[in-house]
Amino acid sequence: MTTFSYLIFGFLCVMLYLFGLIFGFTYEETSVYICIYVWPALCVAMPTVIALVALYNWIKKLTLWNTINLALSTGATIVFSIFAKLFYQFYSYRISGHDSGTIIMLDTVHDKFIACAQDLKIMANELGMTYAEVNLWVYCYLFLAIALVMWIWFEITIPRKWILNRLWLSKKYITT
């Protein structure tokens, strides 16, 4: 892992810690709330906004482009919703041991943090990477890639002219 990656990882850890201080959370609590709850929710929210606007456009004007956009954005919303639900469930309970089959509820934030850290360490071993690298790939680079694709999709689907007309230019302003 490069020094730059360690600097990014350290910077993000410090940002989580400082963000937690603002709200009175520990680093573990902030990590769990942001990485396990907010991160998947944002991945669902981005295509949902596009799907809602695509539905509006489809209702207003039935064209092939609007139909394709509505189908794709709704499909992306469903896929990300399933992913988020599985992610939440995965960090709500665990099966203890391979043979016992006992289900353990991950009730506390500490339990969820430890489970997530253990999973990232296992992934790091399997991929031949460090914990920090896997953490960056999962929670930083992957999220940025999803956000970039959604932003480009949003820009293609919903031109700024549409937003300006709906929000600001719909009211007549008196100019002096």
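Reckoned from all heavy atoms, side chains included, excluding hydrogens, waters and symmetry mates.
With sequence neighbours left out, Val49 forms a side-chain contact (heavy atoms from CB on, under 4.5 Å) with Phe154. Judged as a side-chain contact (heavy atoms from CB on, under 4.5 Å), and not counting sequence neighbours, the contacts of Met15 are Phe11. Partners of Tyr37 under the side chain to side chain donor-acceptor pair (under 3.5 Å) rule, at least two apart in sequence or in another chain, are Lys112. Partners of Thr63 according to the side chain to side chain donor-acceptor pair (under 3.5 Å) rule, which considers only residues two or more places apart in sequence or in another chain, are Asn66. Partners of Glu28 under the side-chain contact (heavy atoms from CB on, under 4.5 Å) rule, at least two apart in sequence or in another chain, are Thr26, His110, Phe113. Here Thr67 pairs with Trp58 under the side chain to side chain donor-acceptor pair (under 3.5 Å) rule; sequence neighbours left out. Scanning for side-chain contact (heavy atoms from CB on, under 4.5 Å) contacts around Cys116 gives Ile36, Tyr91, Leu120, Tyr139, with sequence neighbours left out. The ring pair (Phe, Tyr, Trp, His ring centres under 6.0 Å) test applied to Tyr141 returns Trp137, not counting sequence neighbours.
Other residues sharing a hydrophobic cluster with Leu52 under the 4.5 Å side-chain heavy-atom criterion for ILVMFWY residues do not exist; the residue is a singleton. Taking a 4.5 Å side-chain heavy-atom cut-off between Ile, Leu, Val, Met, Phe, Trp and Tyr, the cluster of Leu144 contains only that residue.
One hydrophobic cluster, built from ILVMFWY side chains closer than 4.5 Å, cannot hold both Leu106 and Ile34; they sit in different ones. Clustering ILVMFWY residues whenever any of their side-chain heavy atoms sit less than 4.5 angstrom apart, transitively, puts Leu86 in a cluster other than the one holding Val32. The cluster map of Ile, Leu, Val, Met, Phe, Trp and Tyr, joined by side-chain heavy atoms under 4.5 Å apart, puts Phe9 and Tyr17 in the same cluster. The hydrophobic clustering, which links ILVMFWY residues whose side-chain heavy atoms are closer than 4.5 Å, places Leu64 and Leu55 apart. By the criterion of side-chain heavy atoms lying less than 4.5 angstrom apart, applied directly or through intervening Ile, Leu, Val, Met, Phe, Trp or Tyr residues, Leu136 is not grouped with Leu7; the two fall into different hydrophobic clusters.
Nearest heavy atom pair, residue Glu29 against residue Val109, reads CA-CG1, 3.5 Å. Contact between Ile50 and Met150 at its shortest, heavy atoms only, is CD1-O, 3.6 Å. The two residues Met129 and Val134 have their closest heavy-atom pair at CB-CG2, 4.0 Å. Nearest heavy atom pair, residue Thr30 against residue Gly20, reads OG1-CA, 3.0 Å. Shortest non-hydrogen contact noted between Tyr88 and Ala41 is OH-N, 3.5 Å.
Within 6.0 Å of the CZ atom in Phe19, the count of heavy atoms belonging to other residues, nucleotides or ligands does not exceed 12. In the displayed structure, Gln89 atom CD is contacted under 6.0 Å by more than 12 heavy atoms of other residues, nucleotides or ligands.
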Please set out all donor-acceptor pairs under 3.5 angstrom arising from side-chain atoms of residues 75-82, sequence neighbours excluded.
{"from": "Thr77", "atom 1": "OG1", "to": "Pro47", "atom 2": "O", "distance (Å)": "3.2"}
{"from": "Thr77", "atom 1": "OG1", "to": "Thr48", "atom 2": "N", "distance (Å)": "3.4"}
{"from": "Thr77", "atom 1": "OG1", "to": "Ser73", "atom 2": "O", "distance (Å)": "2.8"}
{"from": "Ser81", "atom 1": "OG", "to": "Thr77", "atom 2": "O", "distance (Å)": "2.7"}

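Contact check for Glu133 versus Leu127: no side-chain heavy atoms found under the 4.5 Å cut-off. Counting heavy atoms from C-beta on, the side chains of Ile22 and Leu18 never come closer than 4.5 Å. Using a 4.5 Å heavy-atom cutoff, the side chains of Asn57 and Asn69 are not in contact.
Aromatic ring pairs are classed by plane angle as parallel below 30°, tilted from 30° to 60° and perpendicular above 60°; the pair Trp39 and Phe87 is tilted.
Pairs passing the salt bridge (charged side-chain N to carboxylate O under 4.0 Å, His left out) check and including a residue from residues 115-124, sequence neighbours excluded, read Arg94-Asp119.
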